[in-house]
Amino acid sequence: MTDRRHIVLIGMMGAGKTTTGRLLADRLRWPYLDTDDEIERQAGRSVPDIWRESGEAAFRKEETRVLADACVSSQSSVIAVGGGAVLDPANRDVIRRHALTVWLRADVSTLALRVGTGNGRPLLHGGPASALSRLVSERGTIYAEMAQLAFDVDRMSPPQVVDRILQALEKADPVR
Ligand code: S3P
């Protein structure tokens, strides 16, 4: 059964999920939640620290818990998830049940520009460009499968992306 009251933004690191998500939430007057921020807030540690001290599996466990808590909330919200959240079938299931999913799609060159040195993103430590290109090819199919809406954000600013999302929502009225 689906009960889609939230909007979940998915996509790679550097796609602009956080900035776009905040703006979209402002425009809808809905609360905004970023799973990475919420994990950091609850743990009192940064994502790279959790990753280094406790490992990726511990981070993913927290991601699953925070995402599930956000999705079961009865109040509609905009939720931006980390780029790897949709790799876990349990996360995909909870997102599908409770949210409309919007994919912010961008070329590797755009992502590489936006993440810079990759600081604060453990998966990019070995060199952002090659890591991004590998992750994009590993994850592209999953993002595409999950998304009810997808936007190519390479040549759009976050406010333009938000306008496009709102236009699409008005047409389809899928969550309101
Ligand atoms: C990750 C993306 C990051 C963060 C973590 C892992 C990934 O979030 O969750 O470093 O697996 O793609 P952003 O996509 O918000 O950068």
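Numbering of ligands and ligand atoms starts at 1, following listing order.
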Legend entry - Heavy atom of the protein closest to atom 12 (O) of ligand 1 (residue, atom name, distance): R139 NH1, 2.7 Å

Inset, instruction - Name the option, out of P122, G11, G14, that contains the heavy atom nearest to atom 10 (O) of ligand 1. - result: P122

Inset, instruction - Just go through D36, V86, L87 and tell me whose heavy atom is the nearest to atom 8 (O) of ligand 1. - result: D36

Legend entry - Enclosure of R164 CZ (heavy-atom neighbours >12, cutoff 6.0 Å): no

Inset, instruction - Determine whether the side chain, the backbone, both or neither of D34 has a heavy atom under 4.0 Å from any heavy atom of ligand 1. - result: neither

Legend entry - Shortest reach to atom 11 (O) of ligand 1 by a heavy atom, considering only E56, R60, M13: R60

Inset, instruction - Return the residue, atom name and 0.1 Å-rounded distance of the protein heavy atom closest to atom 16 (O) of ligand 1. - result: R121 NE, 2.8 Å

Inset, instruction - Would you check if the side chain of N91 reaches a backbone N or O of A85 as a donor-acceptor pair within less than 3.5 Å? - result: yes

Inset, instruction - Say whether R65 and Q42, considering side chains only, have a donor N or O and an acceptor N or O under 3.5 Å apart. - result: yes

Inset, instruction - Can you pull out the closest protein heavy atom to atom 7 (C) of ligand 1? Residue, atom name and distance to 0.1 Å, please. - result: G84 N, 3.3 Å

Inset, instruction - Without swapping roles, check the side chain of Y32 against the backbone of L23 for a donor-acceptor pair under 3.5 Å. - result: no

Inset, instruction - Could you check whether the rings of H98 and H6 sit parallel, tilted or perpendicular, using 30° and 60° as the cut-offs? - result: perpendicular

Inset, instruction - Considering heavy atoms of the protein only, find what lies nearest to atom 5 (C) of ligand 1 and give residue, atom and distance to 0.1 Å. - result: W51 CZ3, 3.8 Å

Inset, instruction - Spell out, as yes or no, whether a donor-acceptor pair under 3.5 Å connects the side chain of K17 to the backbone of G82. - result: no

Inset, instruction - Please test R155 against T110 for side chain to side chain donor-acceptor pair (under 3.5 Å), starting from the C-alpha separation and ending with a verdict. - result: CA-CA 9 Å; R155 275 165 289 277; T110 306; over 6 Å; no

Legend entry - Heteroatom proximity flag, T18 to ligand 1, N/O under 3.5 Å: no

